[in-house]
Amino acid sequence: SQPPREQFTGQLGFILSAIGSAVGLGNIWRFPGVAYENGGGAFLLPYIIALLTAGIPILFLDYAIGHRFRGGPPMALRRIRRWLEGLGWFQVMICLVIAIYYAVIIGWALSFFVYSFDLRWGADTAAFFTGEYLRLSDTAAGEPWFTLDFVPAVLIPLAIVWIATIAVLAAGVAKGIEKANIVFLPILVIAFGILVVRSLFLDGAVDGLNALFTPDWGALGDPNVWIAAYSQIFFSLSVAFGIMITYSSYRARRANLTSPGLVVAFSNSGFELLAGIGVFSALGFLAHEQGVGVAELEGITGPILSFVTFPAVVSQMPAGQIFGALFFLSLAVAGFTSLISILQVVMASFQEKFGLTRLQAVFWIGGVAAVLSIAGFATTTGLIALDTIDNWANNIGIVASAVVMTILLVWVLRKGPELRAHLNAVSTFQVGRWWYVCVGVVVPAILGYMLVSRVVDLIVNGYEGYDAGYLLIAGWGTIVVLLAGALLLSAMRWRRDPDRFTAWPP
Ligand code: PHE
Ligand code: NA
């Protein structure tokens, strides 16, 4: 039979770890720009509705699956129906692929943390990031896009990220993951809190905040604004690709699930609002320094916000070194606690299926992921492939996983009542019948629409002007890799019997 399952030491350790997982790069560089572009202050309305009707309900669904069926996604889903195992491995593959490039961004943040102290990027921060730092210009047009020319400034921090990740995972759930979050989450809150307060006192901060929060109520009539809200909530809570299934499988049998879930969800959103305030105050300052309006600024989301626009803010600020260091420290820490959570999904799943010890699993999974990550992204191949893979894994892979999971569980297998009864049997906050409507109707309808329209758009319009052959390999190829990996892993033999299992409470 199975060895006794690892456990978080208690509710607090679980909550901190789950918040550490949810709060990531998306809170810092995605939310502020998305809110700004989709109605500003008015965006908060669809955002909150999306949180209540999709984010929290799928979070509860993940918790119920993981806690009742006690496994990583393949084992937990298989215990519902054997043939659901494949969906579990699809989620594991998503986690593995995301981890491989997510680590890279944390590595970049570490380099820029160090550069903050001597402001290495100078005045032309765009040229510094893609040129001197990533050396993208070394692979000029026409050359093969994959090279093995290592860039030391990327290689060294990336190696550090992988060593730290492997060390935390090797120490296990309670002594590794939980401890890391207990240390890093307070650091993140303090560093980011100082940053936000400081940015409020910058010249022009008010203009930035006005730009972000002035409501454009007309935006609420635009369906795309609502889609953007569901998409942000969904991405930000990291639901439906196995992380929360895995983490909740490490809770005691009698553990309150829903109340901590609400704490996690609202903390994550609180952190997004905080980031919106900090980022737009800083952008207001930059616009003020450049004598332009906030609306004329470019590069207000994603890697460009962090690694081009923020360095520009930092270099024009009095005592910018400290501000820069705090910003990149926050980015690295927020990313790191998310990275360990996605890799734990892969760890748990391999340990369970192939009967590996934790150290065997960390050796293989950490090793393979680190090698792929370093070979793929510490070279002059850099940014381009990362951005493409991210778009397909996130916008197609995860959304597909959520749609398929909710439809199968709620409609095909009719598992809604059992899962809701499970949540209510162990939790203080009781889940009403509204939950069926959310996970059974709202989520599949809105995410299903999103999925279809994105697939059609990518087929018809391509992506960011890249050529079709490249997108076939880097974009659609990512989906093929996810599916092929899932099929292969499902077909392999279990080394320990996963099916001798009785769910509790009955
Ligand atoms: N939800 C995280 C965020 O908002 C992103 C994330 C990605 C978390 C992958 C875990 C794993 O940034
Ligand atoms: Na988040």
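Indexing begins at 1, ligand by ligand and atom by atom, following the structure's order. Every value quoted in this text rests on a predicted model; they were computed, and no experiment measured them.
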I'd like a table of the close N/O pairs between ligand 1 and the protein (anything under 3.5 Å), one pair per line with both atom names and the distance.
{"residue": "ligand 1", "atom": "1 (N)", "partner": "Ala22", "partner atom": "O", "Å": "3.1"}
{"residue": "ligand 1", "atom": "1 (N)", "partner": "Phe235", "partner atom": "O", "Å": "3.1"}
{"residue": "ligand 1", "atom": "1 (N)", "partner": "Ser236", "partner atom": "O", "Å": "2.9"}
{"residue": "ligand 1", "atom": "1 (N)", "partner": "Ser238", "partner atom": "OG", "Å": "2.9"}
{"residue": "ligand 1", "atom": "4 (O)", "partner": "Ala22", "partner atom": "O", "Å": "3.3"}
{"residue": "ligand 1", "atom": "4 (O)", "partner": "Asn27", "partner atom": "OD1", "Å": "3.0"}
{"residue": "ligand 1", "atom": "12 (O)", "partner": "Leu25", "partner atom": "N", "Å": "3.0"}
{"residue": "ligand 1", "atom": "12 (O)", "partner": "Gly26", "partner atom": "N", "Å": "2.5"}

Can you sort out the partners of Tyr463 under side-chain hydrogen bond (donor to acceptor under 3.5 Å, both in side chains), two or more places apart, ordered by chain and number? Asp387
As a test of understanding, state which of Tyr101, Trp476, Tyr466 forms a ring-ring contact (aromatic ring centres under 6.0 Å, His included) with Trp392. Trp476
Checking side-chain hydrogen bond (donor to acceptor under 3.5 Å, both in side chains) between Ser249 and each of His67, Arg70, Arg5, which is the one that passes? Arg5
For Thr125 and Val308, indicate whether the former's side chain and the latter's backbone hold a donor-acceptor pair under 3.5 Å. yes
Could you check whether any side-chain N or O of Ser17 sits under 3.5 Å from a backbone N or O of Gly13, counting only pairs where one atom can act as donor and the other as acceptor? yes
Could you list all the salt bridge (charged side-chain N to carboxylate O under 4.0 Å, His left out) pairs where at least one residue sits in residues 38-49, not counting sequence neighbours? none
Close aromatic pair by centroid cut-off 6.0 Å: Tyr47 and Phe31: yes
Would the Phe271 and Phe192 ring centres measure less than 6.0 Å apart? yes
Total protein N/O/S atoms sitting under 3.0 Å from the Na ion (ligand 2), waters ignored, is 5
Tell me, please, whether Phe8 has Arg251 positioned over its six-membered ring: NZ or CZ under 6.0 Å from the ring centre and within 45 degrees of its axis? no
